[in-house]
Student: 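Got a structure for you, questions after.
From a predicted model like this one, the values you see are computed outputs, not experimental measurements.
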Amino acid sequence: QRLTELEAASIPAVGSGNRMVVHLALATGDIDVQCAELRRWFEQPGYEILGGASRARDAASFRAEVSSALAAARLAVFPVGRLYGWQPADGDAKSFMALQLEEAINCSALDRIVWIPKGLDRIEEPQQRLIDDIRKTYPGHGFEVLEVPLQQLVNHLKSRGKKAVA
């Protein structure tokens, strides 16, 4: 679903000159369209978006990059699709999404949302294991895990108001 400009503009405004920084995690290609919509939704009021791309090819460099972005952010959104996705070139068997989630687990001062688009089908086996782990483990570490369509995620962010995005 495409978000309208009016919906994007309804994000609570950034207060008193503070620039909102959002970490939008690097996701797999199967949800590129939804991630682009979510990125536009955050960019409309001028929020700074970190993540979503990386030049790092080994796990250590990628973890350092993600850790730095998370330290600068006030909200992190992790879109999880049906594909397991790329893995570091250094032989680490974990996907880039799994590595990002691991880095975020210790960022308790950061609002963290894992978004799994509702209705995913034909989920790759290793991704299904990751999703099962997310459902079981991450809520106990302060993550919100939302399995909803994009529009419901947007509505959830709107309802959280300034706590979520300011």
Student: Check step by step if side chain to side chain contact (heavy atoms under 4.5 Å, CB included) holds for His156 and Val148.
Tutor: CA-CA 10 Å; His156 177 73; Val148 297; over 6 Å; no
Student: Compare every heavy atom of Ala27 with every heavy atom of Cys35, then report the nearest pair and how far apart it is.
Tutor: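 Of all heavy-atom pairs spanning Cys35 and Ala27, the closest is SG-CB, 3.7 Å.
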Student: Please name the pair of heavy atoms, one in Ala69 and one in His23, separated by the smallest distance, quoted to 0.1 Å.
Tutor: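 Taking Ala69 first and His23 second, the nearest heavy atoms are CB-ND1, 3.6 Å.
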Student: Closest heavy-atom contact between Ala76 and Leu70?
Tutor: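 Heavy-atom minimum between the residues: CB-CD2, 3.8 Å.
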Student: Hey, could you give me the CD/CD1 distance between Glu147 and Ile131, rounded to the nearest 0.5 Å?
Tutor: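 Those atoms lie 7.5 Å apart.
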Student: Just so I know, are the side chains of Asp111 and Arg74 near enough to count as touching, which here means a heavy-atom distance under 4.5 Å?
Tutor: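 No, their side chains stay 4.5 Å or more apart.
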Student: So if you build clusters from Ile, Leu, Val, Met, Phe, Trp, Tyr with side-chain heavy-atom gaps below 4.5 Å, do Leu146 and Tyr138 land together?
Tutor: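 In one cluster with Leu146: Tyr138, no.
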Student: Can Asp132 and Arg129 be counted as an ion pair, charged N to O under 4.0 angstrom?
Tutor: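 No, this pair does not count.
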Student: Taking side chain as C-beta onward, heavy atoms only, is Leu120 less than 4.5 Å from Gln127?
Tutor: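 No. Closest side-chain heavy atoms not under 4.5 Å.
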Student: How long is the straight-line distance from CG of Leu157 back to CD1 of Ile113, given to the nearest 0.5 Å?
Tutor: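 Ile113 atom CD1 to Leu157 atom CG measures 4.5 Å (nearest 0.5 Å).
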Student: In chain order, what residues pass the side-chain contact (heavy atoms from CB on, under 4.5 Å) check against Gln87, with sequence neighbours excluded?
Tutor: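 Partners of Gln87 under the side-chain contact (heavy atoms from CB on, under 4.5 Å) test: Tyr84.
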Student: Between atom CG of Leu101 and atom CG of Leu130, what is the distance when rounded to the nearest 0.5 Å?
Tutor: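 Between Leu101 CG and Leu130 CG, I get 6.0 Å after rounding to 0.5 Å.
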Student: I'd like to know whether Ser61 forms a side chain to side chain contact (heavy atoms under 4.5 Å, CB included) with Asp58, so could you lay out the CA-CA distance, the side-chain angles of the two residues, the decisive distance to 0.1 Å, and finally the verdict.
Tutor: CA-CA 6 Å; Ser61 297; Asp58 64 279; 2.8 Å; yes
Student: Taking the side chain as C-beta and beyond, is there a heavy-atom pair between Thr28 and Met97 under 4.5 Å?
Tutor: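 No. Closest side-chain heavy atoms not under 4.5 Å.
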Student: In Å, rounded to the nearest 0.5 Å, how long is the span from CG of Asp30 to CZ of Arg122?
Tutor: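 Asp30 CG to Arg122 CZ: 9.5 Å, rounded to 0.5 Å.
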Student: When hydrophobic residues are tied together by side-chain contacts of less than 4.5 Å, even through go-betweens, does Val77 share a cluster with Leu99?
Tutor: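 In one cluster with Val77: Leu99, no.
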Student: Would you say Val145 and Val22 are hydrophobically clustered, going by side-chain heavy atoms of ILVMFWY under 4.5 Å?
Tutor: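 Cluster IDs for Val145 and Val22 differ.
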Student: Assigning hydrophobic clusters by single linkage (Ile, Leu, Val, Met, Phe, Trp, Tyr; side-chain heavy-atom cutoff under 4.5 Å), is Phe78 placed with Leu153?
Tutor: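 Phe78 and Leu153: separate clusters.
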Student: Scan for salt bridge (Lys or Arg N to Asp or Glu O under 4.0 Å) pairs involving residues 77-86, sequence neighbours excluded, and state none if there are none.
Tutor: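 Counting only pairs at least two positions apart or across chains, no salt bridge (Lys or Arg N to Asp or Glu O under 4.0 Å) contact touches residues 77-86.
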Student: Tell me, which pairs form a ring pair (Phe, Tyr, Trp, His ring centres under 6.0 Å) where one or both residues lie in residues 90-118, sequence neighbours left out?
Tutor: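 As it turns out, the ring pair (Phe, Tyr, Trp, His ring centres under 6.0 Å) pairs with a partner in residues 90-118, which skip direct neighbours, are Phe62-Phe96.
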Student: Could you check if a side-chain atom of Trp41 sits within less than 4.5 angstrom of a side-chain atom of Lys158, using non-hydrogen atoms only?
Tutor: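 In short, these two side chains touch, coming nearer than 4.5 Å.
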Student: Got a second to check how far Ser95's OG is from Glu124's CD, nearest 0.5 Å?
Tutor: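 Atom-to-atom, Ser95:OG and Glu124:CD are 10.0 Å apart.
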Student: Can we say Glu103 and Arg63 salt-bridge, meaning some charged N sits less than 4.0 Å from an Asp/Glu carboxylate O?
Tutor: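 Yes, this pair counts.
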Student: Quick check: is Phe42 connected to Ile31 through a chain of hydrophobic side chains (ILVMFWY, heavy atoms under 4.5 Å apart)?
Tutor: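 They do not share one cluster, since no chain of ILVMFWY contacts under 4.5 Å joins Ile31 to Phe42.
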Student: Say you draw a straight line from CZ of Arg112 to CG of Leu75; how long is it, rounded to the nearest 0.5 Å?
Tutor: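 That separation rounds to 11.0 Å.
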Student: Strictly below 4.0 Å, N to O, side chains only: are Arg40 and Glu43 in salt-bridge contact?
Tutor: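 No.
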Student: Using modelled atom types and a 3.5 Å cut-off, is there a donor and acceptor pairing between side-chain atoms of Thr137 and backbone atoms of Asp133?
Tutor: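 It does hold such a pair.
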